[in-house]
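Worksheet: one structure, shown below.
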Amino acid sequence: MAVAESKAVTTCKLLVGGDWVDSAATEFGDINNPSTGELIAKVPMGGNQDVDRAVRAAQEAYYDWAETPIVERARVMFRFKNNLEARYEEIAKCVTREHGKTLNEARASVQRGIEVVEFACGIPSLMTGECLENIARNVDCETMRHPIGVCAGITPFNFPAMVPLWMYPLALTCGNTFVLKPSEKVPMSSMLIAECLMEAGLPKGVFNIVHGGKDCVNALLEHPLIKAISFVGSTNIAKYVYEKGTANGKRVQAAGGAKNHIIIMPDADMDHTVQALQASAFGCAGERCMAGSLAVPVGKAAEDLIPRLVEATAKMKIGRTDDGGNPDMGPLVSAEHLKKVTGMIDKGATEGAKLALDGRTVKVQDAPKGYFLGPTIFDHAKAEMSIVKEEIFGPVLSVVRVENIEAAIKLGQECPYGNGAVIYTNSGRSAREFKRHFNAGMIGVNVGVPASMAWFPFTGWNNSFYGDLHIQGKEGIQFYTQQKMTMTRWFGEPTQKKFVDPVWKTKS
Ligand code: NAD
């Protein structure tokens with residue numbers, strides 16, 4: 001049982017060595033249903049003791065798992081995929097309950113996670129090495145990929161199922177063992193998914209879960225048995241994790257925050273653009289690292305776009321997501337996050353941007369204690385304003401109007417982040433200029449959220465990523481493996497010579 005029943009509320013357990021066990025923690029955090037504010041579970045704020053226990057279990061399981069034939073490791077993933085599909089709706093509901101996103105958004109995020117498992121099923125082809133014969137006389141060379149040992153994953157609140165699934169299906173099929181520390185705000189989806197993994201026949205100790213916040217992360221960053229850390233979260237913490245993890249000799253990939261620019265050219269298909277921009281900025285209540293949070297209409301595009309966007313967005317239905325309904329937008333994850341985002345809106349208004357739509361007044365009648373904020377649009381924002389420079393991570397779209405595409409690309413150069421950027425246009429020339437010169441790692445052309453799918457790496461740039469090898473795709477396989485080169489020489493005359501020598505042929 002992943003979550004222990006007690007009289008008051010449920011308490012999350014750790015997964016260590018294949019068993020659900022109690023944490024040694026003395027402090028516990030609250031997990032609230034964002035739609036109602038109701039306390040639904042407690043999460044232990046673990047530290048060194050929990051981490052050491054889980055890491056040792058992972059280390060103990062490592063050698064047998066690494067020696068397990070790769071096709072057998074792949075078969076565990078096939079069964080895991082089946083189990084995830086069988087419990088798809090249950091997992092999506094759990095995501096909605098602890099995070100607050102709509103059920104359709106939760107379903108889509110679980111589907112994206114399952115796609116990583118599908119990718120990992122192909123590990124026998126993905127992990128092959130290279131070979132070159134006769135690199136010198138009688139000498140052959142080959143490279144092979146080996147697992148690296150115990151790996152850890154530290155994940156954010158915004159995709160409780162999907163982001164952890166970016167990491168461990170690849171790490172495990174490469175032959176590593178894993179310790180996951182999900183976000184302390186949304187740990188329950190990961191626990192449910194872990195049941196699917198254990199039921200798929202994964203040996204005990206190969207996958208483990210610990211809970212907590214800063215202390216737990218520090219314990220992972222300092223543990224000598226951990227060889228690699230995958231992190232996804234805000235930029236400040238990503239930088240911290242990268243610096244501390246690498247200083248402790250670990251391989252680290254750390255994805256951070258973002259400010260994704262959406263450029264709209266006057267020749268764009270405006271019906272499509274309004275719809276896509278709305279979904280990009282306000283989908284998942286803006287709590288997406290690939291949310292289009294800054295619209296940059298070029299020239300006359302703003303005249304057409306902004307009134308239509310404001311009108312369509314004002315009609316969005318905001319409501320609770322935990323009762324089976326599917327509103328256009330649900331609540332934010334927590335009261336604390338709601339306060340932070342509201343504070344940034346207050347600041348934007350003080351700085352002088354024009355509030356074309358103010359979500360601060362939104363109320364949801366049947367859920368007065370939920371963490372709701374309506375979609376908010378700032379028009380006539382300026383490059384130096386905080387709402388343009390900083391990640392807000394809520395349903396807030398800032399609009400900076402510019403004269404030409406060069407000015408739009410320049411605004412991108414000034415952005416410290418570099419996750420994604422999108423252009424809406426019907427001009428191949430504008431699209432090409434943008435693709436080649438915009439300062440971000442994931443580019444969309446007439447695509448609202450160009451987030452890499454499982455088969456491609458999640459290629460954030462600048463302060464949106466710290467490390468060398470990105471998460472997912474073939475870079476994910478490289479991250480979770482180390483290469484070994486073997487050079488072999490066998491002495492003697494090459495046998496082939498006998499077959500091509502006509503003298504030898506006539507003699508026989
Ligand atoms: P966060 O940085 O607060 O937390 C992420 C993880 O770090 C959590 O597991 C948390 O427990 C841990 N953590 C928090 N504070 C810490 C500290 N002081 N020391 C050590 N560890 C700490 O992020 P969040 O609020 O959970 O998630 C939102 C952020 O994640 C946004 O900035 C978003 O852009 C980013 N994100 C990025 C991507 C990407 O691929 N680039 C994807 C999803 C989310």
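Indexing begins at 1, ligand by ligand and atom by atom, following the structure's order. Any value given below was found using the heavy atoms of this structure, including those in side chains, with hydrogens, waters and symmetry copies removed. Note that the numbering runs from 1 along the sequence shown for the chain.
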Starting from atom 31 (C) of ligand 1, find the nearest protein heavy-atom neighbour and note its residue, name and distance. Glu391 OE1, 3.5 Å
Test your reading of the structure: does Lys214 have an N or O sitting under 3.5 Å from an N or O of ligand 1? no
Atom 9 (O) of ligand 1 sits nearest the protein heavy atom Thr155 O, 2.8 Å
Phe465 near ligand 1 by a heavy-atom separation under 4.0 Å: no
Electrostatic pair Lys101-Glu287, nearest N-O below 4.0 angstrom: no
Please verify whether a non-hydrogen atom of Tyr417 lies at under 4.0 Å from ligand 1. no
Does the N or O separation between Tyr240 and ligand 1 drop below 3.5 Å for any pair? no
Would you call Glu89 and Arg107 a salt bridge, taking side-chain N to carboxylate O under 4.0 Å as the test? yes
Going by an N to O cut-off under 4.0 Å, is there a salt bridge joining Arg360 and Asp346? yes
Per atom 16 (C) of ligand 1, closest listed option by heavy atom (Leu180, Asn419, Ile237): Ile237
Evaluate Pro182 for polar contact with ligand 1, using N/O atom pairs at a separation under 3.5 Å. no
Any heavy atom of Gly213 sitting closer than 4.0 Å to ligand 1? yes
Using a strict cut-off of less than 4.0 Å between a Lys/Arg side-chain nitrogen and an Asp/Glu carboxylate oxygen, indicate whether Asp19 and Lys13 qualify as a salt bridge. no
With the threshold set at 4.0 Å, does a side-chain nitrogen-carboxylate oxygen contact exist between Lys81 and Glu118? yes
Donor-acceptor side-chain pairing of Arg320 and Ser35 below 3.5 angstrom: no
Sub-3.5 Å N/O-N/O distance, Val217 and ligand 1: no
of all protein heavy atoms, closest to atom 41 (N) of ligand 1 is Gly256 O, 2.7 Å
Taking the minimum heavy-atom distance to atom 2 (O) of ligand 1, which of Pro187, Ser234, Gly233, Ser183 ranks first? Ser234
Please determine whether a side-chain nitrogen of the Lys or Arg among Glu195 and Arg87 lies less than 4.0 Å from a carboxylate oxygen of the Asp or Glu. yes
Minimum distance, heavy atoms only, to atom 5 (C) of ligand 1: which one of Val333, Val232, Asn218, Asn463 is it? Val232
Between Arg56 and Glu60 (salt bridge meaning N to carboxylate O under 4.0 Å), is one present in this structure? no
Would Glu184 count as being in polar contact with ligand 1, using the rule that some N or O on each side must be under 3.5 angstrom apart? yes
Glu336/Lys339 ion pair, N-O < 4.0 Å: no
Do Phe393 and Phe157 have their ring centres less than 6.0 Å from each other? yes
Considering non-hydrogen atoms of the protein only, which is the closest contact for atom 24 (P) of ligand 1, and what is the distance? Phe157 CD2, 3.5 Å
